[in-house]
Amino acid sequence: MAFIKRKERSKERFVVRKHYRLPMGLCWKRLLQSNVVVVHLEIARARADKPDRAQSSSPPLFFWCLSPRFSLLLLDLEEYYFEQHTVYHVTTSSAKKRKIRGSLKVCSKSIIFEPEDHVEPILKVCFCVYLIKENNVVAPYRVERGDSTFLFHLEVSSKTEDVVQTLLQLHRASCLDKLGDQTAMIAANLQSRLARTSFDKNSFQNVSEIPHMECEAEMVTPLVTNPGHVCITDQSLYFQPLNGYPEQVVRIELHRVKQIYKRRHGLRPLGLEVFCTENDFCSDIYLKFYKTSDRNDLYYYIATFLENHMVEHTAESYMLQWQRGHLSNYQYLLHLNNLADRSGNDLSQYPVFPWIIADYNSTELDMMNPATFRDLSKPVGALNKERLERLLSRYRDMPDPRFMYGSHYSSPGYVLFYLVRVAPEHMLCLQNGRYDNADRMFNSIGETWKNCLDGATDFKELIPDFYGNDPSFLLNCLSLDLGKRQGGSSVQDVVLPPWAADASDFLQKSQKALESQYVSEHLHEWIDLVFGFKQKGSEAVAAHNVFHPLTYEGGIDCDSIEDPNEKIAMLIQILEFGQTPTQLFTTPHPQRITPRFQSISRTPSCYLTCSSFLASTSEDSSFEDLTEETRRLAWNNIAKLKLMSTHKIHKEAVTGIAVTRTASSVFTTSQDSTLKMFSRESNGLQRSMSFSNMALSSCLMLPEDKAVVCSSWDNNVYFYSIPFGRRQDTLMGHDDAISKMCWKDNQLYTASWDSTVKVWQCDSADIANNKRCQFQLLAEFEHEAGVNTINLNPAGTLLVSGTKDGTVTIWDTSSSVQLHQVHCHSGKIHDVAFSPDSRHILSVGEDSCLKVIDVQTGMMISSVQADEEQRCFCWDGNTVLSGGQSGHLQVLDLLSNKVTTRIPGHSGAVTAMWMNEQCSTVITGGEDKQIIFWKLDC
């Protein structure tokens with residue numbers, strides 16, 4: 001390449017030509033059918049003695065009031081905007097020379113001229129010339145090919161050498177034959193610019209701010225990224241774009257941050273997204289870093305700053321809220337998308353929602369008819385049996401790596417297919433200045449659904465907008481010219497199904513369908529496919545849910561690819577093809593808890609055994625009675641628990657509490673080997689009994705308040721007759737200490753450190769009548785470690801055990817079959833209990849953790865790290881009242897994983913807890929040898 005520099009009057013002209021004298025495009029020359037784009041750059045240097053009138057005169061004020069038409073969407077994918085200069089575009093197309101004032105944008109693959117006059121088109125010069133937004137109308141770009149000359153006068157003459165050198169450098173990059181080499185040279189140019197600059201600390205909002213770290217990053221918005229400098233202080237997070245666009249600095253006050261998420265960008269762990277609102281769809285800034293270490297350092301600094309101001313949510317905690325009806329289906333799906341790296345700022349990972357409705361022909365939408373709904377247990381590609389057979393036939397003959405579907409269910413093209421009416425400039429950016437063919441556009445919801453069922457390559461799902469409140473994406477409110485279809489009709493509003501009166505009505509009915517009984521019962525099946533255990537591996541193959549390997553996290557390591565051409569091609573393919581969400585669950589997702597009215601399920605649950613148990617426990621759960629309402633009110637006010645009285649009646653730690661139905665007498669066991677009877681009426685100790693010289697570990701009251709059963713470390717169970725005031729019977733049933741007991745329907749369940757739980761037939765009527773009981777061993781549940789605690793669900797159909805090695809096991813009591821085994825604690829389990837509806841199990845252990853397990857799937861859905869070891873608890877499924885090692889009671893909200901209240905109580909660990917049926921009275925026992933009576937003060 002040669003420089004030709006010549007002086008002409010007061011102007012210095014630079015003309016860039018190739019060495020063989022053929023005029024070529026300055027930066028991105030490409031021969032197009034022997035037509036060559038010519039770009040001349042003229043720099044106007046004003047004379048000191050006589051300023052140029054055109055340069056010195058101020059432009060009309062309205063030019064500055066109008067918002068700029070340039071945006072990063074005018075750039076190609078993976079293109080950077082480096083700098084801008086105020087220029088005059090000199091045109092000679094008419095007899096009179098015109099000067100059009102505007103801004104010249106120097107980009108990595110093009111130069112763009114944005115006139116101040118909004119009637120004039122924006123010029124984008126690369127291998128051809130694009131005329132954009134003519135008459136300020138968003139429309140497909142007009143392309144001019146052939147020889148062209150563009151003359152620009154720069155206002156600042158001192159920039160002459162720098163501008164030309166920049167353009168020549170980018171021109172050299174475009175001359176390289178291979179795309180990878182071009183990209184590498186442009187990236188080197190970018191890194192050089194970043195290295196020569198730093199964050200301008202004059203941009204700090206407060207002079208007292210203390211900077212913590214500074215690094216380079218790119219701000220991510222849909223389809224484009226913008227490089228610059230990140231700086232974080234003790235008060236704010238700043239991003240300063242290298243080009244000063246769209247503003248000189250973006251500032252996020254740290255105290256306003258609600259959530260921060262690590263993101264993968266292009267399947268690499270480089271992203272960070274910051275939210276200052278509770279809206280999981282609209283973040284305040286999305287940053288892509290060049291180094292994972294920079295991303296992690298910034299994340300941990302913000303997380304540390306916010307640890308006392310921000311609740312960290314996990315997929316399991318959201319699942320618990322959703323199961324219990326505290327989150328709608330829509331909210332839960334948004335949360336899962338957010339946790340799975342889906343972002344509104346990244347169209348290759350845009351939030352994905354399922355097709356719900358399958359009926360787009362009826363005049364009325366029948367929400368009680370299963371045929372109205374799509375089968376959520378199958379991916380879109382498997383909904384049509386005939387098409388699936390063809391796909392499977394191809395799959396079987398395909399060499400490794402094999403995949404069933406050649407396109408993904410979510411990609412930038414699919415997102416903009418739905419959103420073209422509200423985001424036309426994004427579509428033009430993605431498709432090189434053109435809209436799609438009018439017949440392939442989003443014309444009709446019914447046609448789109450039909451094509452997803454029948455099309456050979458169309459397997460797309462929906463986006464959240466279909467279940468939102470803004471119908472504008474279905475309407476051509478901008479009066480866009482989107483083309484004409486084959487029949488001659490122009491593309492206007494989306495054609496709605498007959499059952500929708502208008503676009504708003506369509507959204508309202510879609511929302512209703514998403515929250516319907518059928519979807520609530522089956523949404524977990526779709527979650528298994530997209531976010532769960534059927535996303536990968538053998539389960540994905542069995543579910544016909546296998547996509548191209550490039551779409552999966554970990555499917556390919558781009559950083560290990562040495563060939564720059566192969567690497568850039570791979571990255572572009574990943575970004576444009578679509579990406580599978582991060583896998584959130586590796587075990588079956590539990591079903592939502594729904595009201596027990598008539599099911600409209602299309603198929604029975606695959607967890608039939610467990611589901612039948614659960615159904616039997618809550619047949620009347622939808623009929624709220626006064627007692628249930630009293631319990632709910634009590635738990636809502638459990639933090640108002642007040643200490644009423646304390647009584648030191650034992651010589652060692654209290655191990656068990658049993659209370660008569662009238663609450664007149666309280667029985668307690670202790671490691672001092674005694675059973676004590678405390679009278680609430682006289683407020684004093686009435687009886688003290690000893691059965692052994694070893695500790696008693698627990699006690700329970702039999703029906704009719706005629707007998708108390710005590711377990712002992714001497715391997716025996718003792719039956720104490722209350723009316724006769726003596727030991728009535730003894731059961732010698734284990735080879736080691738008995739730790740805990742349960743009673744249900746004349747069956748006694750005993751847990752022991754000998755690693756067994758035994759079930760005994762005992763007739764409570766015989767015991768009440770002071771007869772010796774014939775103990776019959778009915779079943780024995782074996783474990784691999786000593787059993788420390790057990791609990792029955794209210795119906796007695798399920799038993800859960802907790803062992804010394806931290807394992808929770810769920811058993812079917814009728815068949816003695818083990819249903820699930822979950823190793824969830826790193827030490828001994830102290831206490832375990834079913835929720836009142838038998839859907840969940842809570843356990844506490846010496847690792848100071850509280851774990852929630854879903855009964856249906858055996859999945860651990862929540863884990864809370866307490867600040868101290870919790871020894872015992874009562875709970876209602878949402879809120880936990882627990883006793884800790886310090887002697888305090890604490891109230892924990894499982895939906896937010898947050899301790900809401902701490903109540904001082906014992907002077908040693910709380911070791912036993914009892915709560916009455918109305919949840920208004922609590923009795924605790926502790927290592928301080930005391931029992932404490934608590935009353936709800938509401």
Side-chain angles (χ1 to χ4, degrees), residues 347 350-362 365 371-395 403-423 427 430-431 434-467 473-476 482-500 503 506-507 509-510 513-514 526 529-530 544-548 551 576-578:
L347 295 189
Y350 200 78
V352 57
F353 269 58
W355 284 96
I356 292 297
I357 300 170
D359 179 7
Y360 294 98
N361 298 316
S362 301
L365 196 62
T372 298
F373 300 94
R374 165 255 184 105
D375 185 349
L376 289 166
S377 68
K378 298 176 181 179
V380 169
L383 293 174
N384 184 324
K385 188 175 181 180
E386 293 181 3
R387 179 180 63 178
L388 178 62
E389 287 300 324
R390 295 194 297 270
L391 293 169
L392 290 178
S393 176
R394 185 191 67 175
Y395 173 76
F403 53 91
M404 296 177 186
Y405 309 114
S407 63
H408 204 252
Y409 51 76
S410 176
S411 69
Y414 288 159
V415 173
L416 293 176
F417 169 84
Y418 292 126
L419 297 179
V420 63
R421 289 168 177 80
V422 290
M427 175 65 84
L430 185 67
Q431 300 204 148
R434 302 185 304 273
Y435 293 132
D436 201 354
N437 180 282
D439 286 297
R440 291 196 299 267
M441 297 195 78
F442 183 31
N443 293 299
S444 162
I445 294 173
E447 286 181 9
T448 302
W449 167 246
K450 186 177 185 303
N451 199 56
C452 288
L453 287 180
D454 302 334
T457 59
D458 194 350
F459 315 108
K460 58 178 172 285
E461 294 278 9
L462 296 182
I463 56 177
D465 306 69
F466 278 82
Y467 305 101
F473 76 101
L474 300 170
L475 307 171
N476 190 9
L482 299 173
K484 291 185 180 295
R485 305 187 67 179
Q486 286 186 353
S489 61
S490 60
V491 177
Q492 293 296 332
D493 298 343
V494 176
V495 178
L496 303 173
W499 45 258
F506 171 79
L507 292 188
K509 288 176 179 173
S510 296
L514 180 61
W526 186 83
L529 294 169
V530 177
H544 306 132
N545 194 40
V546 182
F547 294 86
H548 195 284
T551 68
E576 293 186 355
F577 189 82

Tell me, please, which residues at least two apart from [X] pass side chain to side chain donor-acceptor pair (under 3.5 Å).
| X | value |
| --- | --- |
| Lys509 | Asp505 |
| Gln492 | Asn476, Ser490 |
| Arg394 | none |

Item to check | Test side-chain contact (heavy atoms from CB on, under 4.5 Å) applied to Val352 and Ile463, step by step | outcome: CA-CA 5 Å; Val352 57; Ile463 56 177; over 6 Å; no
Checklist entry - For Asp359, which residues count as a salt bridge (charged side-chain N to carboxylate O under 4.0 Å, His left out) partner, sequence neighbours excluded? => result none
Item to check | Contacts of type salt bridge (charged side-chain N to carboxylate O under 4.0 Å, His left out), residue Lys484, not counting sequence neighbours | outcome: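 Residues passing salt bridge (charged side-chain N to carboxylate O under 4.0 Å, His left out) with Lys484: none at all.
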Between [X] and [Y], which heavy-atom pair has the shortest distance, and what is it?
| X | Y | value |
| --- | --- | --- |
| Ile445 | Pro497 | CD1-CD, 4.2 Å |
| Ala358 | Ala371 | CB-O, 4.2 Å |
| Leu474 | Ala503 | CD1-CB, 4.1 Å |
| Pro498 | Ser362 | CB-O, 3.4 Å |
| Arg421 | Leu475 | CB-O, 3.6 Å |
| Asp375 | Ser377 | OD1-OG, 2.7 Å |

Return the [atom1] to [atom2] distance between [X] and [Y], rounded to the nearest 0.5 Å.
| X | Y | atom1 | atom2 | answer |
| --- | --- | --- | --- | --- |
| Leu383 | Leu376 | CG | CG | 9.0 Å |
| Tyr435 | Arg440 | OH | CZ | 15.5 Å |
| His408 | Thr457 | NE2 | OG1 | 14.5 Å |
| Asp493 | Asn443 | CG | CG | 11.0 Å |
| Ser510 | Leu462 | OG | CG | 8.5 Å |
| Leu529 | Asn545 | CG | CG | 5.0 Å |

Just to verify, what does [X] make a side-chain contact (heavy atoms from CB on, under 4.5 Å) with, not counting sequence neighbours?
| X | value |
| --- | --- |
| Asp458 | Tyr414, Asn451, Cys452, Lys460 |
| Arg390 | Glu386, Arg387 |
| Asp439 | Asn437, Arg485, Gln486 |
| Leu514 | Asn329, Tyr330, Leu333, Phe353, Ile356, Tyr467, Val519 |

Checklist entry - So which of Trp526, Tyr350, Phe547, Phe459 actually passes ring pair (Phe, Tyr, Trp, His ring centres under 6.0 Å) with Tyr409? => result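 Per the ring pair (Phe, Tyr, Trp, His ring centres under 6.0 Å) rule, the option paired with Tyr409 is Phe547, out of Trp526, Tyr350, Phe547, Phe459.
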Next on the checklist: I need the single residue from Phe466, Phe442, Trp355 that forms a ring pair (Phe, Tyr, Trp, His ring centres under 6.0 Å) with Trp449. Which is it?
Outcome noted: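 Testing Trp449 for a ring pair (Phe, Tyr, Trp, His ring centres under 6.0 Å) against Phe466, Phe442, Trp355 leaves exactly one candidate, Trp355.
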Taking the side chain as everything from C-beta on, heavy atoms only, tell me whether [X] gets closer than 4.5 Å to [Y].
| X | Y | value |
| --- | --- | --- |
| Tyr418 | Val415 | no |
| Thr551 | Phe577 | yes |
| Asp465 | Leu419 | yes |
| Met441 | Val420 | yes |

Considering residues at least two apart in sequence or located in another chain, which fulfil the ring pair (Phe, Tyr, Trp, His ring centres under 6.0 Å) criterion with [X]?
| X | answer |
| --- | --- |
| Phe403 | His548 |
| His544 | none |
| Phe506 | Trp499 |

